[in-house]
Structures are given as C-alpha cells and as structure tokens.
Amino acid sequence: MRGRARRGGWLSRFAAGLVAVVAIVVAVYFAFAKDVPFTKPYELKAVFNNAAVLQTNSPVRIAGVEVGKVAKVKPVGGDSTAAEVTMKINSNGLPIHRDAALKIRPRIFLEGNFFVDLRPGTPSAPELADGGTIPATQTAAPVQIDQVLGALKSSARHDLQKLLTGYGDALAGTPKPGEDRDADPSTRGETAAKSLNDSLAHAPAALRDTAVVNDAFRGRGGHDLSRLILGLEKTSAALISREGHLQDLVTNFNTTTGALAAEQGSLRSTLRVLPRVLEAADPALDHLNRAFPPTRAFAREILPGVRETPATIRAALPWIAQTRRLVSPPELQGLVGDLQPSIRDLASFTDGSVAFLPQVDRFNRCLTNNLLPTGDTVIKDGPHTSGLKTRDEFFQALVGLSGESQNFDGNGSYTRFQSGGGDATVSTGDTGQGVKLFGNAARKPLGTRPARPAAKPPVRRSQPCYRQKRPALNSARTGGGP
C-alpha cells in the first residue's frame with residue numbers, strides 16, 4: 001500500500017510538471033506569434049507609390065470601422081519609394097473585390113500616425129482571393145508638402161510668390177488719388193476686399209428678385225404656352241385681314257431704312273470688315289447647321305398654330321394702329337437720329353474685333369495642338385509608371401493634398417509638416433537671378449527623377465504656340481545620376 005501510494009504521488013508530480021511546461025509553451029507562442037493556432041486570417045497585399053509614413057500594426061479601416069492591421073511593409077526595390085504593404089483582414093471586413101481601392105490617411109490628432117482606408121469594391125466585381133495584391137493604380141498615399149514644392153522649379157516658385165503678392169495688394173491695396181473717380185461714392189477710398197464684403201449685403205435682395213423673375217417665367221397655369229400660341233394665331237389672322245395697313249407699315253420701315261442710309265460711311269466701314277467676321281463665325285454656323293434638324297421638328301409641331309394665324313392677325317389690329325404711331329417722325333424716326341452716334345461706336349468696336357479674333361484663334365489652336373495633347377500624354381517612368389494621363393496625375397495630386405489637409409472636425413483644415421536634416425549639403429545652383437538655395441539631406445542624393453537637363457529648353461517668343469513642337473515628356477532620362 002505504501003509503494004502504491006508513492007507511485008501515485010510520483011505520477012501526480014510528473015503530470016503537474018507536464019501541464020506547467022505546456023502552459024509556458026502556449027504563453028510564449030501567443031506572446032510572439034500573436035495568432036490563434038490552426039487559424040490563418042485573410043491576407044491582403046497592396047502596392048503604394050509611397051508608404052514611408054505607414055508602420056506595422058497600423059489599423060485598417062472600412063468606413064471608420066477597424067477591420068484589420070498592417071502586418072508588414074516591404075520596399076519594392078532599387079531607389080524607388082514604392083512599397084508592398086501586407087495586411088491581415090478580419091472576417092467583418094470581407095469580402096474584398098478586385099476593384100477595391102486603398103488610401104493612406106492621417107489619423108485624428110489624439111490618435112496620431114496614419115491608417116489604411118479600405119474600400120472593398122463593388123459587389124458586381126469578382127472577389128479577391130486570400131493573398132491577392134491590389135496594384136498601385138488603385139492605391140493612393142498622402143502627398144507631402146515637400147513633394148509639392150519639389151515639383152516646382154525655383155523660377156516657378158518665385159513667380160507664384162509674385163502672383164500671391166500682387167493678388168494680396170489688389171485686394172488690400174488702397175486706391176490712389178483719381179483711380180476710383182468713376183466708382184460709386186459709397187465705395188470711394190475703400191479697398192477691393194472691403195467693397196466685395198459690402199456687396200454681400202445686397203445679395204439677399206438680388207437673389208430674391210431673381211427668384212421672383214424665374215417664377216414668373218414659369219407662368220401662372222399649366223396651359224400658358226398654348227394660350228400664347230392661340231393669341232399669336234389671332235394676331236396673325238388680323239394682320240392678314242388688313243393688307244393695306246401692312247403696306248403702310250412697309251412704307252414707314254422704308255423711311256427708317258433711309259435714315260440708316262444717311263450714315264453710309266459708317267456702314268461702309270462695317271461692311272469692309274464683315275468678311276473677316278464671317279470667317280471667324282464659321283464655327284458658330286456649324287453649330288447652327290446642327291441645330292436645323294430639331295428646328296424642322298419644331299416647325300412640324302407648330303403647323304396647327306400657324307393655321308390659326310388669321311384669327312391672331314385680326315386680334316392684332318389695335319396693336320398695328322399703335323405701331324403706326326410709333327414709327328412716325330415724332331417717335332421712332334427721332335430715335336433713329338439719336339442713335340446715329342452709336343453707329344459710329346459700333347464701327348469702332350468692329351475694327352477692334354478684327355484684331356481680337358485672330359488672337360482668340362491662335363489661343364484655340366495652341367490649346368488644341370499643344371496643351372490638350374500634352375495633358376493626354378502618359379509619362380513612362382519604369383516601375384513608377386501609373387498608366388494615367390499627365391492631367392489626371394496632376395488632379396490626383398491635388399486630391400491627395402486635399403486629403404492630407406483634412407481635419408477631424410468642421411473647424412477647417414490644416415497640413416502637417418515634418419522637418420528633418422542631415423550632414424549632406426545640397427544646393428540648387430544658380431537659380432538664374434544670382435541666388436543659390438541650400439539645404440541639408442539625411443543622405444547624399446543619388447540624382448533627380450527625371451534627370452536635370454543641362455540647359456533650359458529654348459523659349460521662342462517669335463513663333464506662335466500652335467506652330468511649335470509639343471514637349472517630349474518621355475524623352476528625359478529617368479535613371480539616377482549626379
């Protein structure tokens with residue numbers, strides 16, 4: 001009995017030690033692996049052009065709800081800033097589709113750091129398998145302020161400073177003596193910003209009156225348009241029944257035309273420049289030609305109203321009597337005499353248009369032949385190639401900057417700055433105005449991307465923009481260099 005008891009006690013101590021060893025192994029596993037054994041969470045990979053601000057264990061959120069964490073951030077390779085981010089997604093964040101989009105966004109002030117904003121995609125798209133990768137074209141990283149300023153040359157930054165200074169002077173500058181002589185007495189001596197703020201006081205009344213006018217255009221009933229057509233029909237019928245009165249109307253119109261003929265010199269000047277105006281009006285005539293089919297359809301629909309025109313003319317006889325008095329010498333003929341100086345001003349305006357319209361034509365050709373095709377160009381930059389057009393990349397950069405400056409409340413926005421330095425001194429060289437800019441970098445620079453050209457491209461101010469060659473955006477060397 002005593003030996004049996006000793007044997008039972010020895011087995012109990014062995015079992016207790018074994019349980020302790022197993023408990024220690026399990027605790028160590030959970031402390032370092034941080035995963036439940038025999039389970040594997042959904043793994044998602046994404047390529048970002050710049051993931052330097054992202055760290056391991058950064059949260060992954062869908063519509064503000066945390067659905068996973070960042071497991072690994074691995075650089076793609078070479079001198080590229082691109083990185084492959086591996087994330088572990090919980091079950092409440094599934095499924096994820098192939099058209100999913102990811103953005104790196106700053107967390108709120110109390111949280112700090114950044115998080116990955118995940119949009120799982122549309123239900124109609126195929127689901128992404130475990131371990132799948134989202135390409136860089138479907139990801140976006142916050143644009144740092146140094147990247148925006150680095151994209152601008154020193155001359156462009158200097159011009160931007162002068163533009164902002166001039167705009168501020170235009171708003172805050174006090175008018176000089178005599179500059180606001182023609183202004184309203186209530187605004188004389190005020191700055192442009194003060195006058196602009198004062199104009200807002202009249203905005204409610206102006207908007208209210210505009211709303212009243214727009215409401216009046218809608219009519220008072222549902223058949224106002226049909227009543228108008230019926231009235232026009234009666235007016236036309238009345239005009240047909242009084243042909244003699246119509247002849248008198250034509251006679252008086254002939255008198256008015258004779259008054260216009262007295263200004264033959266001004267009309268001759270107008271007709272001399274008319275061919276050039278007509279040449280510039282060709283695009284407008286093309287649009288008018290395309291408007292003819294709907295106009296013909298409208299004409300077919302208005303035929304019933306035209307048949308009712310005789311009755312409309314009969315109803316218009318009182319109006320014709322008043323019109324005869326209107327075109328008499330004491331009325332309209334005297335007005336024509338007063339308008340003679342305006343005809344001379346119209347001729348001067350036409351002469352000015354002759355010089356203005358060719359400039360507009362050159363601008364349109366420059367926009368069509370140079371600016372728009374350049375914006376449609378896709379820049380080839382090796383692994384950095386996004387496949388997007390230049391204009392799309394520009395506006396995406398603005399969107400990224402706007403997202404970077406978002407605040408967590410409604411009191412406005414701000415942009416964060418992260419300063420740094422090192423023992424490597426860099427310089428821009430001569431900026432063209434005898435000024436050199438210096439800075440400190442953490443490491444010695446490898447070069448620029450694209451490579452800095454040896455000289456500025458020539459500016460040919462003597463040649464119109466539309467006759468010059470388009471810039472070869474893909475001709476610049478993109479590799480590293482001094």
Side-chain angles (χ1 to χ4, degrees), residues 208-264 266-268 270-271 273-347 349-350 353:
R208 181 174 59 253
D209 295 340
T210 303
V212 172
V213 173
N214 293 335
D215 184 68
F217 276 127
R218 297 174 56 188
R220 298 183 178 179
H223 300 283
D224 288 348
L225 182 59
S226 59
R227 295 191 186 98
L228 174 62
I229 296 176
L230 181 61
L232 291 176
E233 175 189 358
K234 295 179 180 180
T235 302
S236 301
L239 291 175
I240 292 177
S241 63
R242 299 296 180 91
E243 294 183 1
H245 294 81
L246 291 176
Q247 292 177 358
D248 295 338
L249 176 63
V250 173
T251 301
N252 292 329
F253 182 74
N254 185 29
T255 304
T256 304
T257 307
L260 294 174
E263 294 292 335
Q264 296 182 6
S266 300
L267 291 175
R268 188 178 295 108
T270 303
L271 294 176
V273 299
L274 185 60
R276 299 179 183 176
V277 177
L278 294 178
E279 181 181 359
D282 283 341
L285 296 178
D286 293 337
H287 292 291
L288 181 62
N289 188 33
R290 288 192 290 269
F292 282 151
T295 304
R296 286 194 292 268
F298 173 78
R300 288 192 296 268
E301 296 295 331
I302 205 174
L303 283 178
V306 176
R307 296 189 183 97
E308 302 295 333
T309 301
T312 305
I313 295 177
R314 286 191 296 269
L317 289 178
W319 175 81
I320 295 176
Q322 295 296 327
T323 304
R324 293 183 60 187
R325 296 186 180 95
L326 178 64
V327 298
S328 60
E331 299 290 341
L332 187 58
Q333 293 183 16
L335 177 63
V336 171
D338 295 337
L339 291 178
Q340 290 180 0
S342 301
I343 297 177
R344 287 190 292 269
D345 295 338
L346 179 62
F349 172 76
T350 304
S353 300

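If you read the sequence from its start, that first residue is 1, and numbering goes on from there.
- Taken from CG in L317 to CD in Q322, the straight-line distance is 12.5 Å, to the nearest 0.5 Å.
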**Report entry** Criterion side-chain contact (heavy atoms from CB on, under 4.5 Å) on V306 and I302, from CA distance to verdict
**Finding:** CA-CA 6 Å; V306 176; I302 205 174; 4.2 Å; yes
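- Annotation for A315 and P318: closest pair O-CD, 3.4 Å, computed over non-hydrogen atoms.
- The distance from atom CZ of F298 to atom CG of L303, rounded to the nearest 0.5 Å, is 10.5 Å.
- Applying the side-chain hydrogen bond (donor to acceptor under 3.5 Å, both in side chains) rule to R290 yields the partners H287; only residues at least two apart in sequence or on another chain are considered.
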